[in-house]
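FYI, the numbering just counts along the sequence from 1.
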Amino acid sequence: LSSGTAGGSTKYIPVTREMLKSIKKNQCKATAFAVSIQFGTRRFQQRCADAGRQHQSKKMRSFYDADLSGITASNIPFWFQHFYKPGKKISKYDDWEHKLDKIVERAPEWDIGFVVGVPAWVQILLIKIIARYKLKNIHEIWPNLAVFVHGGVAMEPYQNSFNTLLGKKIEFIETYLASEGFLAFQSRPGTNAMKLVINNGIFYEFIPFNDTNFDQDGNLKAEVETLLIDEIKDNQEYALLISTCAGAWRYLIGDVIMFTNKSLNELVITGRTKHFLSICGEHLSVDNMNKAISRLEKDCSIDVVEFTVTGLSVNSSFGHRWFLACDRDYDEGELKNVLDRHLRALNDDYNIERNHALKYMELIKVPTNYFYEWMKSIGKLGGQHKFPRVLKGENYINWENFLIQKGLLRPAMLAQKQIENTR
């Protein structure tokens, strides 16, 4: 069961023995790298904490279903089970908040050297542990914590706030474990790129992410150009098409990637085919958004734990409405101006449109817990679920109504028409 998008329907994806073998092989490689960058065998004596996986599966007619992270966790190599925390019993809890409470309760008993999970949920776990035991930072209870293996979303927007929870520097290792398979992982220090895993049960094709192959809503056109790995170029965006040993055939996974080092098959994820803003030609990618938020945090000395944006129609012009999870008292107008400045610097198309059709930009500060309350209200709290960076259609209306109930938005603000085909 895929985690899906917030508010979106769950996809059912077959997981075969061949796919499990492929995933295990990549997990072992990623684990070996995590240990190697910390030097010495002592790391093997410490435990690995996982904040998100769901082990519990349901018996159907002739198969079991669960999310992929739960399936892979229940099939980890036997030699690794001794190191894995919180263990099978706690991991089987369906209620993510109850599971988190149990992990916090047992935290002092474990010598954790590695943490694995989605940045947002791991951050919540660390905050809860620090608050429960009145600590200055997480290293006071886990002094040997040295590595955070993350995936699902970019770490960049979380980096600043995450660092405040640490007592010393740790290594951050990114992995690309999608519901359809384990595609890539960081294989060397000194880079934020991941190495695409080839010859391991997944065949890749690459579709140039441009107006020739995709319409303005991010949908694939009827006739498209597909490239093989020897035909791709560095610093150009591609949508991934995969065929797998689990039965997927030329499946559009929905991610947009860019190779940073073709000779090493290293790439970064720049966004989603449908999670970008281009209501009037600004072509604003999730990668642009992440970088701008990171620069905003540094310039204004604040932590933006979550954010999302939508497109609006305002008096025959167009605009963006940003929602930032920021608990500090800070002038919204100043934040908006700084964010706008960085977006202009990062994206020439955005800069041009801000002088023409894209007349309107609004920024609204939202208490951090509202983001998580909304995710809980739609049944997407914890695990591998991520808050969408771009909201549109029914998803945005749901979010809008939630904020009205919280008194953060006024009905009068809703006279501005939300663009249904926000990209």
Side-chain angles (χ1 to χ4, degrees), residues 30 34 37-38 46-53 85 96 100 103-104 107 110 112-177 185-186 189-194 268-269 286-287 289-308 324-328 330 365-372 375 381-387 389:
I37 62 175
Q38 284 300 314
Q46 289 144 16
R47 307 297 186 259
C48 174
D50 190 330
R53 303 191 186 204
K85 299 297 178 183
W96 187 77
L100 220 58
I103 295 175
V104 172
W110 304 328
I112 299 298
F114 303 83
V115 176
V116 178
V118 174
W121 310 130
V122 170
Q123 185 169 257
I124 290 176
L125 171 63
L126 300 188
I127 290 173
K128 281 180 171 288
I129 293 174
I130 291 171
R132 167 73 178 272
Y133 300 104
K134 297 179 173 57
L135 310 173
K136 293 180 180 179
N137 57 69
I138 195 63
H139 279 105
E140 290 189 353
I141 196 170
W142 291 340
N144 293 309
L145 176 61
V147 178
F148 176 29
V149 181
H150 60 89
V153 294
M155 185 68 198
E156 201 165 20
Y158 301 93
Q159 191 73 61
N160 193 54
S161 57
F162 205 94
N163 287 341
T164 64
L165 307 175
L166 306 174
K168 56 186 176 183
K169 184 180 178 180
I170 68 172
E171 295 289 341
F172 294 87
I173 299 175
E174 187 170 6
T175 61
Y176 188 1
L177 176 56
F185 62 90
Q186 187 179 337
T191 177
N192 63 345
M194 297 174 286
V268 293
I269 302 171
V286 174
D287 187 55
M289 299 173 195
N290 288 334
K291 284 183 168 58
I293 290 294
S294 180
R295 294 180 184 183
L296 170 71
E297 290 179 312
K298 292 178 181 178
D299 283 358
C300 299
S301 298
I302 60 171
D303 296 334
V304 179
V305 182
E306 289 287 355
F307 72 89
T308 191
L324 269 58
C326 180
D327 296 319
R328 275 191 56 187
Y330 206 96
K365 289 193 304 179
V366 180
T368 302
N369 63 299
Y370 284 10
F371 278 79
Y372 304 135
M375 291 290 281
L381 185 67
Q384 302 301 305
H385 303 297
K386 291 86 66 176
F387 201 101
R389 292 306 182 214

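At distances below 3.5 Å, at least one donor-acceptor pair connects side-chain atoms of Trp142 with backbone N or O atoms of Ala107. Remark: the backbone N or O of Lys298 is not paired with any side-chain donor or acceptor of Asn160 at under 3.5 angstrom. Using a distance-only test at 3.5 Å, with no hydrogens or angles considered, a donor-acceptor pair links the side chain of Tyr133 to the main chain of Val104. Panel note: side chain Asp327, backbone Thr368; a donor-acceptor pair is recorded below 3.5 Å. Distance alone, capped at 3.5 Å, places no donor-acceptor pair between the Asp303 side chain and the Val305 backbone. A distance-only check finds a donor-acceptor pair linking the side chain of Gln186 to the backbone of Thr191 [under 3.5 Å]. Under the 3.5 Å distance criterion, the side-chain polar atoms of Arg389 are left unmatched by any main-chain donor or acceptor of Asn290. Judged by distance alone, with hydrogens and angles left aside, the side-chain atoms of Lys291 form no donor-acceptor pair with the main-chain N or O of Glu156 at under 3.5 Å.
Rounded to the nearest 0.5 angstrom, Leu165 CG and Tyr158 OH are separated by 13.5 Å. Rounding to the nearest 0.5 angstrom, the gap separating the CG atom in Asn137 from the CD1 atom in Ile129 is 12.0 Å. Here Ile138 contributes atom CD1 and Ile130 contributes atom CD1; the two are 5.0 Å apart, rounded to the nearest 0.5 Å. Atom-to-atom distance recorded for Gln159:CD and Ile293:CD1 is 15.0 Å, nearest 0.5 angstrom.
Heavy-atom contacts from other residues, nucleotides or ligands closer than 6.0 Å to NZ of Lys168 number more than 12.
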Just do the side-chain contact (heavy atoms from CB on, under 4.5 Å) check on Val122 and His150 with the steps written out, would you? CA-CA 9 Å; Val122 170; His150 60 89; over 6 Å; no

Between Trp110 and Ile103, is the side-chain contact (heavy atoms from CB on, under 4.5 Å) condition met? List the steps. CA-CA 10 Å; Trp110 304 328; Ile103 295 175; 3.9 Å; yes

Apply the test side-chain contact (heavy atoms from CB on, under 4.5 Å) to residues Ile170 and His139: give CA-CA distance (whole Å), side-chain angles for both, the deciding distance (0.1 Å), then the verdict. CA-CA 10 Å; Ile170 68 172; His139 279 105; 3.6 Å; yes

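Leu324 places a side-chain heavy atom less than 4.5 Å from the side chain of Leu296. At least one side-chain heavy atom of Met194 sits less than 4.5 Å from a side-chain heavy atom of Ile269.
The aromatic rings of Trp121 and Tyr372 sit tilted relative to each other, their planes meeting at an angle between 30° and 60°.
Here the closest heavy-atom approach between residue Tyr330 and residue Ile302 is recorded as CD1-CG2, 4.0 Å. In this structure, Phe148 and Pro119 approach most closely via the heavy-atom pair CZ-CA, 4.0 Å. The heavy-atom pair separating Lys386 from Val118 by the smallest distance is CG-CG1, 4.3 Å. Nearest heavy atom pair, residue Ala120 against residue Glu306, reads CB-OE2, 3.2 Å. Of all non-hydrogen atoms in Gln123 and Phe162, the two that sit nearest each other are OE1-N, 3.5 Å.
The residue from Val116, Leu177, Val115 that alone fulfils the side-chain contact (heavy atoms from CB on, under 4.5 Å) condition with Val149 is Val116.
Glu140 pairs by the side-chain hydrogen bond (donor to acceptor under 3.5 Å, both in side chains) definition with nothing, not counting sequence neighbours.
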